[in-house]
Student: 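Sending over a structure as structure tokens; questions will come in a sec.
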There are 2 protein chains.
Amino acid sequence: MLRVAKAHRVLVNAALTNVNLHIGQEILLMELWQEDGLTQTQLADRLSIEPPTLTKMLSRLEKTKLLKKYKDTQDARICRVFLTEKGSACQKSVTDLWLDLDETILANLSSEERLLFRRFLIQIYDNLESAKQSQSSTKNFADN
Amino acid sequence: MLRVAKAHRVLVNAALTNVNLHIGQEILLMELWQEDGLTQTQLADRLSIEPPTLTKMLSRLEKTKLLKKYKDTQDARICRVFLTEKGSACQKSVTDLWLDLDETILANLSSEERLLFRRFLIQIYDNLESAKQSQSSTKNFADN
DNA sequence: CTTATTTACTTAGCCGACTAAACAAATAGT
DNA sequence: ACTATTTGTTTAGTCGGCTAAGTAAATAAG
């Protein structure tokens, strides 16, 4: 599975260089295409990354003028992230690229098989999540 | 699938900190446990990583005294990588950890389902590899 | 009202991954 | 024999990921 993930990563990376993006930046943009003006905390949550990682990514994306950060008017602690025109513009090319890759990945698999594979992935994800839960709870226990 | 890979990574990482290893270092050590004294090129090939990545990893593992590099006596360009006693010693804890995680991942899946899942993964891996092939061949074509 | 705590984000520093470019040693061409 | 090329590794610099520690603003507690 690790090999699959790595091979996938390599292909995504190669495809993204044509759009002048680095790997990881595309899924951040995808969240914004779905909902613009998100808080950094919301973004970090949806991407399952830590806040410091997000800070760096945002500053780089801001440098390439794909997005902008604005302070919230209600709460001065909060920064909201907005797409620029350039950021909105590259949506189609990236989603096309993504759909293409999805199709090559799942070639030679019937729709039943794809569904089954998806079910397995969900099961495994749940297993991992519950393992993480029990792990962190024992850690909290040790803290007392 | 990306979420699964990421969740997996998080758990591996948490487990490895107990053994004082960083993620990625364990699979490098696994290759050496299987065959000691490998060339850096061989190692990079087996890990599917680029030589510069390996150089850094090795220098860090050498700093923590888990392995040593020696120049080949036949060919002065070649460096061969050998485990130290400390490097050999942590084999059991890591493989145990790995087997444990494998079991938690695949919980609630029958052996038939596991086999099927494995088949899917192999199919997808092949798809990715052939896509990479066609991609690099068009690139070579463009170079002429 | 003043202090403590929580919340949102940033900075510093480490690691794995990459590319591009350099370097050194062995081999091939002439 | 001397140059050119290939092969093996390293250096420099970028990016995504993390933790630990810090800052600033909002809220809770006294």
Student: Going 5' to 3' along DNA chain D, which nucleotides are the first and last within contact of chain A (any atom under 4.0 Å from a heavy atom)?
Tutor: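 So the contact region on DNA chain D extends D:dC15 to D:dA26.
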Student: Does the side chain to side chain contact (heavy atoms under 4.5 Å, CB included) test come out yes or no for B:Ser88 and B:Glu85, once each step is laid out?
Tutor: CA-CA 5 Å; B:Ser88 307; B:Glu85 279 190 26; 5.8 Å; no
Student: Using residues 26-34 of chain A as the side-chain source, report each donor-acceptor pair under 3.5 Å to any protein atom, sequence neighbours left out, with the distance given to one decimal.
Tutor:
{"from": "A:Glu26", "atom 1": "OE1", "to": "A:Gly24", "atom 2": "N", "distance (Å)": "2.8"}
{"from": "A:Trp33", "atom 1": "NE1", "to": "A:Gly87", "atom 2": "O", "distance (Å)": "3.1"}

Student: Heavy atoms only: give me the nearest A:Leu21-A:Gln25 pair and the separation to one decimal.
Tutor: CD2-OE1, 3.6 Å
Student: According to side chain to side chain contact (heavy atoms under 4.5 Å, CB included), who are the partners of A:Thr73, at least two apart in sequence or on a separate chain?
Tutor: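 Counting only residues at least two positions away or on another chain, A:Thr73 forms no side chain to side chain contact (heavy atoms under 4.5 Å, CB included).
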Student: Among all residues two or more places apart in sequence or in another chain, which pass the salt bridge (Lys or Arg N to Asp or Glu O under 4.0 Å) test with A:Glu103?
Tutor: A:Arg114
Student: State which residues pass side chain to side chain contact (heavy atoms under 4.5 Å, CB included) with A:Asn108; sequence neighbours excluded, sorted by chain then number.
Tutor: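 Here the qualifying residues are B:Gln123, B:Asn127.
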Student: What residues, two or more places apart in sequence or in another chain, satisfy side chain to side chain contact (heavy atoms under 4.5 Å, CB included) together with A:Glu35?
Tutor: A:Leu38, A:Arg46
Student: Rounding to an integer number of Å, can you tell me how far A:Asp45 CG sits from C:dT7 P?
Tutor: 13 Å
Student: Under 4.0 Å between a side-chain N/O of A:Thr41 and OP1 or OP2 of C:dT7, yes or no?
Tutor: no
Student: Could you list the donor-acceptor pairs under 3.5 angstrom formed by side chains in residues 3-19 of chain A, with sequence neighbours left out?
Tutor:
{"from": "A:Lys6", "atom 1": "NZ", "to": "B:Leu47", "atom 2": "O", "distance (Å)": "3.3"}
{"from": "A:Thr17", "atom 1": "OG1", "to": "A:Ala14", "atom 2": "O", "distance (Å)": "2.7"}

Student: Taking the hydrophobic residues Ile, Leu, Val, Met, Phe, Trp and Tyr, and joining any pair whose side-chain heavy atoms are under 4.5 Å apart, which ones share a cluster with A:Phe82?
Tutor: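 A:Tyr70, listed by chain and number.
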Student: For B:Gln42 and A:Leu61, take the nucleotide of DNA chain D holding the closest heavy atom to each; which residue's nucleotide lies nearer the 5' end?
Tutor: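 Result of the comparison: B:Gln42.
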Student: For residues 52-59 of chain A, dump all side-chain donor-acceptor pairs below 3.5 Å to protein atoms at least two apart in sequence or in another chain.
Tutor:
{"from": "A:Thr55", "atom 1": "OG1", "to": "A:Pro51", "atom 2": "O", "distance (Å)": "3.1"}
{"from": "A:Ser59", "atom 1": "OG", "to": "A:Lys56", "atom 2": "O", "distance (Å)": "2.8"}

Student: Tell me, which of residues 70-96 of chain B have any heavy atom that sits under 4.0 Å from an atom in DNA chain D?
Tutor: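 Residues of residues 70-96 of chain B that come under 4.0 Å of DNA chain D are, in numerical order, B:Arg77, B:Ile78, B:Cys79.
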Student: Which letters describe nucleotides 11-16 of chain C, given B = protein heavy atom under 4.0 Å from base, S = only from sugar-phosphate, - = neither?
Tutor: BBBBSB
Student: Which residues pass the side chain to side chain contact (heavy atoms under 4.5 Å, CB included) test with A:Ser111, not counting sequence neighbours?
Tutor: none
Student: Using atom CD of B:Glu50 as one end and atom P of C:dA21 as the other, report the distance to the nearest whole Å.
Tutor: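 Rounded to whole Å, this separation is 15 Å.
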Student: Nearest whole angstrom, please: distance from the C1' of C:dC18 to the CG of A:Asn13.
Tutor: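 Taking atom C1' of C:dC18 as the reference, CG of A:Asn13 is at 7 Å.
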